[in-house]
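Notes for the one structure printed next.
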Amino acid sequence: MAGIAKERRLPPALPLATLIGRELRAGGSERPSLRYGHAGFAKRGEDYFLVKPDCLRVPGDTSTAFSVFAVFDGHNGVSAAVYSKEHLLEHVMSALPPDIGRDDWLQALPRALVAGFVKADIDFQRKGEVSGTTATLVVVDGFTVTVASVGDSRCILDTQGGEVQLLTVDHRLEENAEERERVTASGGEVGRLNLFGGQEVGPLRCWPGGLCLSRSIGDMDVGEFIVPIPHVKQVKLSNIGGRLIIASDGIWDALPSEAAAKACRGLPAELAAKLVQALKKSGLKDDTTCVVVDIIPSDYRLTSPQLSPKRNQSKFKSLLFGRRSHSSIGKLGGKSASFGSVEELFEEGSAMLEERLGRNLSLKATSAPLRCAICQVDQEPFESMMTEKGGSYCSSPCAPWGGPYLCLECRKKKDAMEGKRSSHSTACR
């Protein structure tokens with residue numbers, strides 16, 4: 001992806017509660033239905049995906065339902081991808097305050113996603129394995145979609161009006177100048193692979209390790225400047241819904257975002273996923289994984305007869321082999337194909353935890369336990385200050401820190417990611 005625009009936080013034009021209330025007053029349904037499908041091709045067996053359509057914020061309360069979809073593209077082994085599939089959502093949920101309403105929950109979600117990704121990275125690196133993974137995690141709550149990603153797996157939104165929006169940022173050193181600057185400022189080196197004779201080949205990589213990504217989960221052998229802090233974007237779809245396509249880079253290396261969306265319009269989600277996966281160029285050496293999610297208003301009605309299985313198969317074949325029908329342009333329930341507005345609620349991609357976790361300057365000594373904003377472990381004030389061999393160890397900052405409380409280990413992780421000290425250092429100097 002050519003030139004990445006500077007990432008920024010976008011203040012919501014309207015509060016989320018206002019948007020939902022306006023939608024209900026207009027006669028729309030707050031809760032759409034979801035249709036989803038997935039497909040993949042395993043060349044190395046390092047891609048994994050997650051589909052959890054029946055999550056509940058409050059156990060037993062179906063009115064608090066939300067859904068989660070994710071793609072993990074592992075490298076250097078499968079361990080990091082498997083761990084992330086099994087535990088990343090758990091870490092995100094643990095960082096969300098309990099007993100809060102839906103609006104507050106959605107507003108807290110971007111920060112919880114950052115904490116969950118960092119927590120997953122810390123816990124996986126404790127295993128001592130060198131595997132790493134990209135991660136693109138999508139949370140769908142009603143018409144609100146929140147996407148967090150590290151690496152170069154991608155999520156796109158295809159609106160019913162035919163406009164394609166990229167909801168992620170590719171963290172490839174070759175294409176992202178900001179990330180190159182951040183890595184070198186934190187102590188890494190960026191360059192191409194050197195062959196004998198000094199010839200440089202291949203994409204830009206980070207050394208040590210040779211990873212061409214600037215963000216991932218795992219990769220403990222590469223250096224702490226390869227960070228697990230995700231780009232997060234939250235949008236609210238209009239009440240005509242839309243389609244999400246989440247896929248690993250094996251898809252996007254062969255297929256532009258617009259082409260992927262256009263190719264599968266008018267097809268059900270499961271068939272669309274198979275088509276997108278099948279359109280990859282032959283000869284690719286990478287795994288390919290695609291998850292398609294359709295967000296459909298609950299009052300959706302077909303105004304024309306559904307395609308019979310035979311006609312569906314014929315349409316799929318014609319798309320595969322390039323014979324297109326005018327009827328392949330997707331429409332929802334006979335509604336106008338004009339673009340329905342998508343409200344951007346939040347976007348931030350900074351790799352600085354102080355910007356991502358927010359400021360909290362009221363961290364005064366108290367008798368109540370303090371909870372680490374990342375690992376969610378309670379500690380008594382100054383509990384982590386201790387002495388060993390006459391030396392003082394502390395969780396208080398070695399440099400000014402205006403963010404929420406971090407325990408000693410998470411504070412060390414933060415400083416290491418920012419190039420302030422090695423992650424193996426434990427003493428404040």
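Here, residue 1 is the first one in the sequence, and each next residue gets the next number.
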Worked verdict on Thr133 versus Lys85 for side-chain contact (heavy atoms from CB on, under 4.5 Å): CA-CA 10 Å; Thr133 187; Lys85 175 183 177 179; over 6 Å; no
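- The shortest distance between side-chain heavy atoms of Phe346 and Leu106 does not fall below 4.5 Å.
- Asn239 places none of its side-chain heavy atoms less than 4.5 Å from the side chain of Pro297.
- No more than 12 heavy-atom neighbours from other residues, nucleotides or ligands sit within 6.0 angstrom of OH on Tyr36.
- Leu157 pairs with exactly one of Val164, Val145, Val293, Leu237 by the side-chain contact (heavy atoms from CB on, under 4.5 Å) rule, that one being Leu237.
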side-chain contact (heavy atoms from CB on, under 4.5 Å) between Thr134 and Ser149, worked out: CA-CA 8 Å; Thr134 73; Ser149 63; over 6 Å; no
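- The pair Lys412-Glu409 fails the salt-bridge criterion, with no side-chain N (NZ, NE, NH1 or NH2) lying under 4.0 Å from an Asp/Glu carboxylate O.
- Two residues are said to be in side-chain contact when any heavy atoms from C-beta on lie closer than 4.5 Å; Gln376 and Lys119 fail this criterion.
- Across all non-hydrogen atoms, the minimal contact from Cys407 to Cys375 is SG-SG, 3.6 Å.
- Closest non-hydrogen pair, His231 versus Thr168, comes out as ND1-CA, 4.1 Å.
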Check against salt bridge (Lys or Arg N to Asp or Glu O under 4.0 Å), Asp121 and Arg126: CA-CA 9 Å; Asp121 182 75; Arg126 286 197 187 106; over 6 Å; no
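- The minimum heavy-atom distance between Asp221 and Val130, with the atom names listed, is OD1-O, 3.7 Å.
- Distance CG/Leu34 to CG/Asp294: 9.0 Å, rounded to 0.5 Å.
- The closest side-chain heavy-atom distance from Ser79 to Phe124 is below 4.5 Å.
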Intermediate values then yes/no, side-chain contact (heavy atoms from CB on, under 4.5 Å), Lys414 and Ile374: CA-CA 10 Å; Lys414 168 202 168 292; Ile374 293 175; 6.0 Å; no
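- Residues Val150 and Pro230 form a side-chain contact, since some pair of their non-hydrogen atoms from C-beta on lies under 4.5 Å apart.
- Side-chain contact between Ile226 and Arg215 is absent, with no heavy atoms from C-beta onward closer than 4.5 Å.
- Interatomic distance, Ile245 CD1 to Leu167 CG, rounded to the nearest 0.5 Å: 11.0 Å.
- Asp99 CG: 12 or fewer foreign heavy atoms inside a 6.0 Å radius.
- Residues Val51 and Phe49 share a closest heavy-atom pair of CG2-CD1, 3.9 Å.
- Within the 3.5 Å criterion, the main-chain N or O of Asp47 finds a donor-acceptor partner in the side chain of Asp287.
- Using a 30° and 60° split on the angle between ring planes, His87 and His91 fall in the parallel class, below 30°.
- The only member of Leu113, Thr136, Leu244 that meets side-chain contact (heavy atoms from CB on, under 4.5 Å) when paired with Val147 is Thr136.
- With a 4.5 Å cut-off on side-chain heavy atoms, Phe72 and Leu88 count as touching.
- A donor-acceptor pair under 3.5 Å is absent between the side-chain atoms of Thr288 and the main chain of Ile251, judged by distance alone.
- Expressed to the nearest 0.5 Å, how far SG of Cys264 lies from CG of Leu275 amounts to 6.0 Å.
- Formation of a donor-acceptor pair under 3.5 Å by the Glu200 side chain with backbone atoms of Asn194 is not found in this model.
- A salt bridge does not link Lys262 with Glu258: none of the charged nitrogens is closer than 4.0 Å to a carboxylate oxygen.
- From Arg182, atom CZ reaches atom CE of Met352 across 9.5 Å, with rounding to the nearest 0.5 Å.
- Nearest heavy-atom pair, Gly210 versus Arg205, reported as atom, atom and distance to 0.1 Å: O-NH1, 2.9 Å.
- From Leu345, atom CG reaches atom CG of Leu109 across 11.0 Å, with rounding to the nearest 0.5 Å.
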Candidate pair Asp73 and Ser248, rule side chain to side chain donor-acceptor pair (under 3.5 Å), full reasoning: CA-CA 6 Å; Asp73 183 359; Ser248 57; 4.8 Å; no
Derivation and outcome, side-chain contact (heavy atoms from CB on, under 4.5 Å), residues Tyr83 and Asp123: CA-CA 9 Å; Tyr83 178 87; Asp123 281 6; 3.1 Å; yes
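- At a threshold of 4.5 Å between non-hydrogen side-chain atoms, the residues Leu173 and Cys212 do not count as touching.
- Atom CZ of residue Arg102 and atom OG1 of residue Thr64 lie 10.5 Å apart, to the nearest 0.5 angstrom.
- Closest of all the heavy-atom pairs between Val71 and Ala247 is CG1-C, 4.3 Å.
- Formation of a donor-acceptor pair under 3.5 Å by the Arg265 side chain with backbone atoms of Asp158 is not found in this model.
- With salt bridges taken as basic N to acidic carboxylate O contacts below 4.0 Å, none links Arg172 and Glu174.
- Side-chain atoms of Glu224 do not come within 3.5 Å of backbone N or O of Ser186 as any donor-acceptor pair.
- For the pair Glu344 and Lys233, the salt-bridge criterion is met [side-chain N within less than 4.0 Å of a carboxylate O].
- Between the side chain of Arg356 and the backbone N or O of Glu348, at least one donor-acceptor pair lies under 3.5 Å.
- Of the possible donor and acceptor atoms, one in the side chain of Arg31 sits under 3.5 Å from a partner among the backbone N and O of Ala65.
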